[in-house]
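Notes for the one structure printed next.
Atoms within a ligand are numbered from 1 in the order they appear, just like the ligands themselves. Because only heavy atoms are used, hydrogens play no part in the values below, and waters and symmetry mates are left out as well, while side chains stay in.
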Amino acid sequence: MDDLRDKYLGLISDAADEAALEDLRVQAVGKKGEISLKMRELGKMTPEERQVAGPALNALKDEINSALSAKKAALEDVALDERLRGEWLDVTLPGRARRQGTIHPISQVTEEVTAIFADMGFSVAEGPQIDSDWYNFDALNIPGHHPARAEMDTFYMHRADGDNRPPHVLRTHTSPVQIRSMEANGAPIRIIAPGRVYRADYDQTHTPMFHQVEGLALDKDISMANLKWVLEEFVKAYFEVDDVELRFRASHFPFTEPSAEVDIRCSWEGGTLKVGEGDDWLEILGSGMVHPKVLENAGVDPNEWQGFAFGMGIDRIAMLKYGIPDLRAFFDSDLRWLRHYGFSALDVPTLHGGLSG
Ligand code: PHE
């Protein structure tokens, strides 16, 4: 029996693969295996002999079975190690520069804007691109008959036949996010809301889908002066200039009172834009003090809270900063355009590291 043990334990430990191991199992403990045959011989033994040989054979069988499964596990480990070594991949390797995609100017500018306002304590809010006419219009003090609805060239969603509720719309501006944020968080509040907006319009400076960033700041004592300072800080940081001059032009939006459109002083000398000097003015956004009715519609008490809101075209300020002449090209997915105007994936805009790399 000792010979049998030595023989099989030796063979098992030398087995090269699982197939060899299976052959050994059949040879030793299979139905017609050497150990099994020995067990059959027990019947021919005297009871005394059997009492010794029986347990010994069973123990040997157990020992061989556990040697088999230990070796099987070891072989599996080796196979797995080999596979892992073969499939090894260095995920820290930089991408191949020539095949790397680029960050779209819209994404880049959105990140830049977010970094600047985050530094002034604004967090980012979001809302749906398909919204009800309540959020897009009524809550913002734009009633059904208001000319602003027609001016905005709204895309209306389709309602099923017989469904007479007013249709949802593709949001025409990011202002509905003002309402949703106030409903969710109340006042005080300080948010920006960048995102896609839609209007039925198409020419060199208009596309049916474009991007805006909304700003909203409410507290007990926020005034137009705070609005002016925040916008000046933004424009200086965004255009990376030390000085800017802003012009607040009286305007009208149903959801702000008073309302102002904001222009920045610039020059177009030699065909390139310079911000902060020259005799031209460039309109960049609409703004104002949030209308008391809007606060009320969003569940904020206008006797307690006040503040400003603004809405700015992201595509527009991207075109201005990076000298991109035609808005439509933003959405053509032309690879040459994307390589030319795109940004490196590793060029994350931060205030301390430089916004535009
Ligand atoms: N929602 C306005 C627009 O799309 C911009 C705006 C936002 C104006 C907030 C004032 C306050 O034109």
Side-chain angles (χ1 to χ4, degrees), residues 110 113 117 122 124-129 131-143 146-155 169-182 187 189-201 205-218 222-231 234-235 246-264 282-298 300 302 305-318 327:
T110 303
V113 170
F117 280 105
F122 288 74
V124 173
E126 284 186 313
Q129 293 175 41
D131 216 340
S132 65
D133 63 342
W134 166 257
Y135 283 107
N136 196 77
F137 294 123
D138 299 77
L140 289 161
N141 197 30
I142 313 173
H146 199 283
R149 291 210 185 191
E151 275 163 33
M152 285 214 186
D153 303 308
T154 310
F155 286 112
V169 301
L170 291 179
R171 67 178 182 192
T172 57
H173 51 181
T174 43
S175 299
V177 187
Q178 285 187 38
I179 307 293
R180 291 179 172 277
S181 303
M182 285 189 269
I189 195 170
R190 220 185 295 176
I191 54 118
I192 58 165
R196 293 183 168 176
V197 299
Y198 303 82
R199 291 179 202 178
D201 211 349
T205 53
H206 296 91
T207 49
M209 185 278 294
F210 59 107
H211 301 79
Q212 287 187 336
V213 56
E214 194 80 7
L216 172 69
L218 297 180
I222 289 190
S223 71
M224 289 289 273
N226 301 113
L227 169 65
K228 188 156 190 248
W229 181 85
V230 164
L231 292 178
F234 167 75
V235 171
L246 297 190
R247 182 171 75 176
F248 280 63
R249 244 180 322 105
S251 181
H252 177 262
F253 299 102
F255 34 91
T256 47
E257 179 59 36
S259 303
E261 280 171 290
V262 177
D263 307 332
I264 50 180
L282 196 66
E283 184 195 322
I284 57 158
L285 60 88
S287 65
M289 297 301 289
V290 181
H291 197 293
K293 277 196 192 160
V294 172
L295 296 175
E296 220 163 71
N297 287 338
V300 169
W305 305 100
Q306 61 181 35
F308 63 76
F310 60 84
M312 184 162 50
I314 291 182
D315 320 69
R316 179 165 169 77
I317 62 168
L327 178 65

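Considering both main-chain and side-chain atoms, Thr172 never comes within under 3.5 Å of ligand 1 through any nitrogen or oxygen pair. Between Gln212 and ligand 1, an N or O atom pair is found at a separation short of 3.5 Å.
In Arg199, the part holding a heavy atom less than 4.0 Å from any atom of ligand 1 is the side chain. Proximity of Phe310 to ligand 1, defined as any heavy-atom pair under 4.0 Å, is confined to the backbone N, CA, C and O atoms.
Remark: minimum distance from atom 2 (C) of ligand 1 to any protein heavy atom is reached at Phe255 CZ, 3.7 Å. The closest protein non-hydrogen atom to atom 5 (C) of ligand 1 is Gly311 CA, 4.0 Å.
Side-chain contact between Pro254 and Leu140: absent, with no pair of heavy atoms (C-beta onward) separated by less than 4.5 Å. Between His291 and Asn297 the shortest side-chain heavy-atom distance does not fall below 4.5 Å.
When all heavy atoms are compared, the tightest approach of Ser251 to Glu261 is OG-OE1, 3.0 Å.
Residue contacts with ligand 1: Met312 is excluded, as none of its non-hydrogen atoms falls under 4.0 Å. Residue contact check for ligand 1: Phe308 places no non-hydrogen atom closer than 4.0 Å to it.
Of the listed residues (Tyr135, Phe253, Phe255, Phe210), just one forms a ring-ring contact (aromatic ring centres under 6.0 Å, His included) with His173, and that residue is Phe255.
Shown here is Glu126, whose CD atom has no more than 12 heavy atoms of other residues, nucleotides or ligands within 6.0 Å.
Scanning Ser287, Gly313, Ser259 for the heavy atom closest to atom 10 (C) of ligand 1 points to Ser287.
Set against the non-hydrogen atoms of Ser175, the atoms of ligand 1 under 4.0 Å away are 1 (N), 7 (C).
Remark: the backbone N or O of Asp133 is not paired with any side-chain donor or acceptor of Asn136 at under 3.5 angstrom.
You'll find the ring centres of Phe117 and Phe310 inside the 6.0 Å limit.
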